[in-house]
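Order of the sequence lines fixes the chain letters, A, B, ..., with proteins taken first and strands second; residue numbering starts at 1 for each chain. For clarity, every value in this text was computed on a predicted model and none was experimentally measured. Side chains are part of it too, since the values below use all heavy atoms of this structure and drop only hydrogens, waters and symmetry mates.
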There are 4 protein chains.
Amino acid sequence: MARGQRTAEAEAGRGSVPERLLRAATRLFAERGFESTSVQEVVAAAGVTKGAMYHYFGSKDDLLYEVYGRVLRMQTEHLVEISSRDAPVAERVHAAASDVIVTSIANLDDTKIFFRSMHQLAPEKQRSVRAERRQYHELFRSMVEQGQSEGVFRSDVPADLVVDYFFGSVHHLGTWYRQDGQLTGDDVGRHFADLLIAGLRPQS
Amino acid sequence: MARGQRTAEAEAGRGSVPERLLRAATRLFAERGFESTSVQEVVAAAGVTKGAMYHYFGSKDDLLYEVYGRVLRMQTEHLVEISSRDAPVAERVHAAASDVIVTSIANLDDTKIFFRSMHQLAPEKQRSVRAERRQYHELFRSMVEQGQSEGVFRSDVPADLVVDYFFGSVHHLGTWYRQDGQLTGDDVGRHFADLLIAGLRPQS
Amino acid sequence: MARGQRTAEAEAGRGSVPERLLRAATRLFAERGFESTSVQEVVAAAGVTKGAMYHYFGSKDDLLYEVYGRVLRMQTEHLVEISSRDAPVAERVHAAASDVIVTSIANLDDTKIFFRSMHQLAPEKQRSVRAERRQYHELFRSMVEQGQSEGVFRSDVPADLVVDYFFGSVHHLGTWYRQDGQLTGDDVGRHFADLLIAGLRPQS
Amino acid sequence: MARGQRTAEAEAGRGSVPERLLRAATRLFAERGFESTSVQEVVAAAGVTKGAMYHYFGSKDDLLYEVYGRVLRMQTEHLVEISSRDAPVAERVHAAASDVIVTSIANLDDTKIFFRSMHQLAPEKQRSVRAERRQYHELFRSMVEQGQSEGVFRSDVPADLVVDYFFGSVHHLGTWYRQDGQLTGDDVGRHFADLLIAGLRPQS
DNA sequence: GATGAATGAGGTTTCATTCAT
DNA sequence: AATGAATGAAACCTCATTCAT
C-alpha cells in the first residue's frame, strides 16, 4: 500500500506503460485470440490499471491496431530496401521472400494475431491496415513482374497470383512453426524462397 | 398458431432445422467471425428459436465443430482416392494440390472459418479437428516423400516443410479470393499446383 | 437398437413408471436439491422420457409433493396407532419420539427433501403439506399436555415449544446421520427419546 | 443524470453498496430461497446494477457465502467467550445453548438461509463453512464431555449425539418462530436450554 | 498521469412445459 | 401410453468503457 502494490507479472518489469501494455496484449492476443482476451487480462498482465490503459489507448481495438502497425512498418521498410538493391531480380525476390519469413518468425505472435484477428478491427482501421499491406504486396508483385518481363520468371501465372500463393506460406507460419523445433527462421526462409524461385523459373 | 410466425430470413426456407442452422452459422461465422456472431443472430437467420438450436447442438462451439467436420471429411475422402490412383507421383501430387484448392474455393466460407476460428474451439474438439487435419497432411507428405525417393522431386527441402509451404496457400484463399473475380477455382487450382510441382523439380 | 435402447440406470429396473420416477426423484432431490435437479435428469435416471413423466405427473412440483406425501402419511398412521395405545403417557411419548426418528432415518432422503425443499412447493400444495404436518404436531402436543396435566411432565415449558424443540432433532437428522456410521436408527431413536423424556420430568 | 434514477427500494437507502447488497440478499434468500431468487431481484432491491454486484462479489454464490460468514463468526466468538468463563460446566452449557438460540432468533433470516441453502454452495465454499461449523460443534461437545466426566451429566448418551440433538432445535427455529409472536428470543433460549440441561442430568 | 467503482447492454445456456403424432 | 422436437422466458455472468477524484 505504501508504495503501490506491485502485483505485476512478466510484462510488468521493464519499459514504459504503453510498451508494457503492447507487450502484454501481443502475447495474450496470440495465445487466446483477440475476442477471448479481456481488457482486464491485458492490464493485469501489464501490471497497470484499466484507467491507465484508456489513458494511452482509445480502445481495445487501438491496442490491436498498434500491434499490427509495428511489424508491418518494419517489414515494409525491409522490402523497400531490398527492392532498391542493385542486384538481379531473382536475387531480390529471393531475398524479399526470405526476409518476410524470417521477420514473421521473429515476431510470431504478431503474425498470428495479424492473420487471425484482422477481421475484428473496426472497419476504418481495417482499411488502413489493408492499405499498408496492399502497398507491400504491390511492391513485391512489381518485382515479380519485372522478372517476368525480363524472361527470368515464367509468365503463364499472373504475378498477382504468385504473390497470393507465396504469402499464404507467411500466414500459415503461426499455425505450425515452433520456436523450440529444429528449424531456425533462416532455414525456413531459405527453403521457402528456394521453392518459390524454383517454381517461377520458365517452363521448358 | 395456424398462421405461424414466419419471421424467417434467407436460410429459413429449405431443409431441416439442423441444416438451416448449419447453413446460417457457416455464412455468419465467415462474414463476421465466430466470436462476433451471437447465437441469437444465427437462430434468427435460420428462422428458428434458441431452444431449437440447443436441442440439436450442445453449444455454440458444437456448431463450429460441425461446420469444420463436413468439409474436412470431404477433402480427406478426395485425397484418399487421389493418392490411390495408378498414376505417376508427380501427377498425383498435382491432382491433390489442385483438388484441395478447388474444394476450398467451392466452400470458401468454411475455409475462412476453419483458419480464422479453429483456435476458439474447446480444447478437446480442437484436438479432434487437428487430428483429422494431421492425417490429411501425412498422406500428402507421404506422396511428396515418394516423389523424393523416386528422384522425381528435389530432396534438399524436407517433405514436412513442403506441405506446410503449400497449405499456407490454402489458408490464404479466404483472404483474397473473390467469387465474382475473373479466376475460377479450377484456374487457381491449376496455377498453384503448377507452381508447387515446378518448385519441387530437382535442381540442376 | 433392435429392441429399444435400454440406456436406463439404477432406478430403471423395477416397478411401474410412476414408481420409478418417484424413486429417481427422491434420490436426486436429496442429493442435489429440488431446484438444482432438472426434469431431464429425473427422467433419465428413471429410464423414461419427459412425455411419460408429464403423463403421470402434472408438473415437477407434483413430483416433490408426492415424495412428501408418502412418508408423511406413514408417520401419521404410526402416531395415531401409538397415541391410542393403552399405556402410560410417558411411555407413549417415548415411543412416538423414537418412532419418528426411526422412520425418518429409514427414509432419510425424503427427510432431507422435506426440510430443505418444502418452501419451493407451490403455495397451495405447501398449505396442504403444512396442514398434514400440523395435524401430526397437534397429536403429539396433546400427548405432552396430557402428561403435564397428569403431573408426569413439567409444566413450566409450553407444550407447543416442547414439540418445536424435539422436531428440530428430526429436521436435523438429514444433516449429520450417516447410514454407514456406527449408530442404527433404533439407537438414535432411543437416545433422543431418552433425552426428551428426561428433559420433561418435573423439576424439583 | 443530474436527477439520477432512483428506482431503488427498501434496502437502497443506507450503507455502502456491498452492505446494501448483503442486506437485500439476506432478506430475499430467506423469503424465497437462494435458487428462487434471481440476481436481478437482489440488485433491484439493493438499488444497484448487476455490474456493481459483480464488482464486489465474484458470484451469486459468493453472496450466500458472505451471509453465512457473518453470523457464523459472531456465534463462534460468543461460544469461545462463554466456554472460557469461570463457572460450573452446567451453567456454561446452559449459557451457550441459550446464546445460540438467542442469536439465531436475532438473525432469523440468516438462520433460515443457513439451513436451507447451504447445500447449494459450491463444494469448496461448502467445505469452508462446514469446517467453521464443525469447530463450533466440537467446542460445544467438549463442554458436554467435561460435564460427563465430572459426573454432572449423564454418560449413557454420546456427547456427539447430544450436540446433534440440540442443534436440531436451532435449525428448526426458522420454520416456526414468528417475530410477532408472544415468545421473545430470550424466552425460547431459556426454555430450550432448560430442556437440554434437564435431559442431561444423570438418571437415577 | 492514474485510479477503480460503476454502468448497462449483451452474451451463452438452461429449463419446465407443450403438442402433434 | 408415450414420444421428442420445439418453445420462450429467464437465468447467471462478462465486458468495454466512463468519470469523479
Side-chain angles (χ1 to χ4, degrees), chain A residues 4-5 16-18 21 34-44 47-64 122, chain B residues 1 4-5 16-18 21 34-43 46-63, chain C residues 4 16-18 34-44 47-64 122, chain D residues 1 4-5 16-18 21 34-43 46-63:
Chain A
Q5 73 278 38
S16 68
V17 168
L21 281 165
F34 174 72
E35 300 269 297
S36 302
T37 304
S38 71
V39 169
Q40 181 54 46
E41 289 169 324
V42 174
V43 299
V48 304
T49 62
K50 261 193 256 200
M53 192 217 106
Y54 279 96
H55 184 72
Y56 290 106
F57 298 91
S59 65
K60 188 188 174 191
D61 225 70
D62 251 30
L63 223 38
L64 185 57
Chain B
M1 275 167 210
Q5 73 280 39
S16 68
V17 168
L21 282 164
F34 174 72
E35 299 270 291
S36 302
T37 305
S38 72
V39 169
Q40 181 53 48
E41 288 169 325
V42 174
V43 299
V48 304
T49 61
K50 262 189 264 200
M53 192 220 108
Y54 279 96
H55 184 68
Y56 290 103
F57 300 91
S59 64
K60 189 188 174 189
D61 223 71
D62 244 33
L63 221 39
Chain C
S16 67
V17 168
F34 175 71
E35 300 269 299
S36 302
T37 305
S38 71
V39 169
Q40 181 53 46
E41 289 169 323
V42 174
V43 300
V48 304
T49 62
K50 262 191 253 200
M53 193 217 107
Y54 279 96
H55 184 72
Y56 290 107
F57 299 91
S59 65
K60 188 188 174 189
D61 226 70
D62 250 29
L63 223 37
L64 185 58
Chain D
M1 272 164 214
Q5 72 280 41
S16 68
V17 168
L21 281 164
F34 175 72
E35 300 269 291
S36 303
T37 304
S38 72
V39 169
Q40 181 52 48
E41 287 168 327
V42 174
V43 300
V48 303
T49 62
K50 256 187 270 198
M53 191 218 110
Y54 280 97
H55 184 69
Y56 291 103
F57 299 91
S59 63
K60 190 188 173 189
D61 223 71
D62 244 33
L63 221 37

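Residue C:V48 is classed as having no contact, given no heavy-atom separation below 4.0 Å to the nucleic acid. Using a 4.0 Å heavy-atom criterion, one finds that A:S36 contacts no nucleic acid atom at all. Among the atoms of the strands shown, none is found under 4.0 Å from any heavy atom of A:F57.
Residue A:K50 places none of its side-chain N or O atoms closer than 4.0 Å to OP1 or OP2 of E:dG4. OP1 and OP2 of F:dA6 both lie 4.0 Å or more from every side-chain N or O belonging to B:H55. A:Y54 has no side-chain polar atom (N or O) that falls below the 4.0 Å cut-off from OP1 or OP2 of E:dG4.
Two residues are said to be in side-chain contact when any heavy atoms from C-beta on lie closer than 4.5 Å; A:F34 and A:D61 meet this criterion. In this structure the side chain of B:L21 reaches within 4.5 angstrom of the side chain of B:V43, judged on heavy atoms.
For the pair B:L63 CG and E:dT13 P, the interatomic distance rounds to 10 Å; values are reported in whole Å. At whole-Å resolution of the value, CD in A:Q40 and P in E:dA5 are 11 Å apart. Atom CD of C:E35 and atom P of F:dC12 are 11 Å apart (whole Å). In this structure, CG of D:D61 is placed 13 Å from C1' of F:dC13, rounded to the nearest angstrom. When the P atom of E:dG8 is taken as reference, atom CE of D:M53 falls 17 Å away, rounded to whole Å. In this structure, the CD atom of A:E41 is 13 Å from the C1' atom of F:dA16, given to the nearest Å.
In the set E:dG8, E:dG1, F:dT17, F:dT17 carries the atom at the smallest distance from any side-chain atom of A:V39. Across E:dT12, F:dC13, F:dT7, the shortest atom-to-atom separation from the side chain of B:A52 is found for F:dT7. Of the candidate nucleotides E:dT3, E:dT7, F:dA2, E:dT7 has the atom nearest to the side chain of D:T49. Checking F:dA2, E:dG8, F:dC15 against the side-chain heavy atoms of C:Y56 singles out F:dA2 as nearest.
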Test log, rule side chain to side chain contact (heavy atoms under 4.5 Å, CB included), inputs C:V17 and C:H55: CA-CA 10 Å; C:V17 168; C:H55 184 72; over 6 Å; no
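Along DNA chain E, the nucleotide closest to A:G51 and the one closest to B:S59 are compared, and the more 5′ of them pairs with A:G51.
A distance of 9.0 Å separates CD of A:E41 from OG of A:S36, quoted to the nearest 0.5 Å. Between the NZ atom in D:K60 and the CD atom in D:E35 there is a gap of 6.0 Å [rounded to 0.5 Å].
Across all strands shown, E:dT3 is found opposite F:dA20 as a Watson-Crick or G-U wobble partner, with both distances under 3.5 Å.
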